[in-house]
S.K.: 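First the structure, then my questions, so here it is.
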Amino acid sequence: MANNPMMRCGGRVLALSAAALGMVAAMAVPASADDQPTRAQLTADCDSGEGKCTFNDPKLGQAYLGGFHRVSDSLYNCSTSPATQSMTWSDTVGATDSAGVSVTAGGKIAGIIDLSVTATYSHTWSSTHSETSSVNMTVKPGEVGWISRAQVMQTVSGTWQTHYDDRKWGHYFWFVPDVVTGPAPNGTDGRSNAVVVKSRKMSAEEKRSCSGRSFRSGKSKAFVVHVQG
């Protein structure tokens, strides 16, 4: 692998070998790029159990509010008056590592990080958060409305230690730094999750679609629901 991604992101993997009494001594000269595993290969071995892994020296970063993303279907107000309707939204936010790879709930990787954070900070770490609720939406005539949500997020940085029973890539031990970003409990470091109603004006094509629909007489509300996706 001539272009090792761990080298590119500035986190050189340190190759270590196990001595007879279990002591670990750093190699004087690091392995060549062709002999080094990628971060993805090491974490895959952690997840499969081929490598015995720990996530050492975890450090939690300051919580922050993540970006807004749409969590509901769209409501098109095809009437001539503002209209209000209850809309259900649902959101699931997961965790990713420094390479942008998903850290799935229930997997060994997530469990190893949770064990490490719990031991250091005395509270659990979660790789995913799901939430569902409803909001009353008011949409102006000729506009489209939807619900967006932002989740409180937090990073946890540490170093993966992978131990093999037999030498792999020439060594028993490999170390690689990593940063995992995942959902944090609402209120962490004073940050709160946010849910907002957003809207925009219909396009000409959407307005034409509205004009072709007939609505029950005497009703001021004329919503058309477009399923998200």
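Atoms considered below: every heavy atom in the structure, side chains included; atoms not considered: hydrogens, waters and symmetry mates.
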S.K.: Linking Ile, Leu, Val, Met, Phe, Trp and Tyr through side-chain heavy atoms less than 4.5 Å apart, which residues share a cluster with Val196?
M.R.: Phe68
S.K.: With a 4.0 Å cut-off, would you call Arg39 and Asp97 a salt bridge?
M.R.: no
S.K.: Examine the side chains of His129 and Asn186 and answer whether a donor and an acceptor come within less than 3.5 Å of each other.
M.R.: no
S.K.: Is the centre of the Trp160 ring less than 6.0 Å from the centre of the Phe55 ring?
M.R.: yes
S.K.: Under 6.0 Å from the CZ atom of Arg191, do we count more than 12 heavy atoms belonging to anything else shown?
M.R.: no
S.K.: Would you please classify the geometry between the Phe173 ring and the His163 ring as parallel, tilted or perpendicular, with 30° and 60° separating the classes?
M.R.: parallel
S.K.: What heavy-atom pair brings Glu206 and Val144 nearest, and what distance separates the two atoms?
M.R.: OE1-CG2, 4.0 Å
S.K.: Do Thr181 and Thr96 get their side chains close enough for a donor-acceptor pair, meaning under 3.5 Å?
M.R.: no
S.K.: Answer yes or no: is there a side-chain heavy-atom contact under 4.5 Å between Glu131 and Val195?
M.R.: no
S.K.: Is there a path from Leu60 to Tyr64 through hydrophobic residues (I, L, V, M, F, W, Y) whose side chains come within less than 4.5 Å of each other?
M.R.: no
S.K.: Taking atom CG of Leu75 and atom CE of Met87, what is their separation to the nearest 0.5 Å?
M.R.: 4.0 Å
S.K.: Quick one: are Pro82 and Pro141 in side-chain contact, heavy atoms under 4.5 Å?
M.R.: yes
S.K.: Could you give the distance from CD (Gln62) to CE (Met153), rounded to the nearest 0.5 Å?
M.R.: 15.0 Å
S.K.: Please walk me through it: do Lys168 and Asp166 pass salt bridge (charged side-chain N to carboxylate O under 4.0 Å, His left out)?
M.R.: CA-CA 6 Å; Lys168 191 167 184 180; Asp166 299 309; over 6 Å; no
S.K.: Let's go through Ser199 and Met137 carefully: what are the C-alpha distance in whole Å and the side-chain angles of both, what is the deciding distance for side chain to side chain contact (heavy atoms under 4.5 Å, CB included) to 0.1 Å, and is it a yes or a no?
M.R.: CA-CA 10 Å; Ser199 63; Met137 293 178 56; over 6 Å; no
S.K.: Look at the side-chain heavy atoms of Ile, Leu, Val, Met, Phe, Trp and Tyr, link any pair under 4.5 Å apart, and say whether Phe175 and Leu115 land in one connected group.
M.R.: no
S.K.: Examine Ile113 and Val176 and state if one hydrophobic cluster contains both, with Ile, Leu, Val, Met, Phe, Trp and Tyr joined whenever side-chain heavy atoms are less than 4.5 Å apart.
M.R.: yes
S.K.: Mind checking whether Thr162 and Cys46 have side chains closer than 4.5 Å, heavy atoms only?
M.R.: yes
S.K.: Asn193 versus Arg149: any side-chain heavy-atom pair under 4.5 Å?
M.R.: yes
S.K.: Identify whether Val179 and Val101 are in the same connected component of the hydrophobic contact network (ILVMFWY, side-chain heavy atoms under 4.5 Å).
M.R.: no
S.K.: Let me see the working for Thr118 and Thr124 under side-chain hydrogen bond (donor to acceptor under 3.5 Å, both in side chains), right down to the final yes or no.
M.R.: CA-CA 5 Å; Thr118 300; Thr124 58; 5.6 Å; no
S.K.: With no hydrogens and no angle check, just 3.5 Å: does a side-chain donor-acceptor pair link Thr159 and Asn56?
M.R.: no
S.K.: Are Val117 and Ile109 linked, directly or through other ILVMFWY residues, by side chains that come within less than 4.5 angstrom of each other?
M.R.: yes
S.K.: Do Trp146 and Val139 have side chains that get closer than 4.5 Å, going by heavy atoms?
M.R.: no
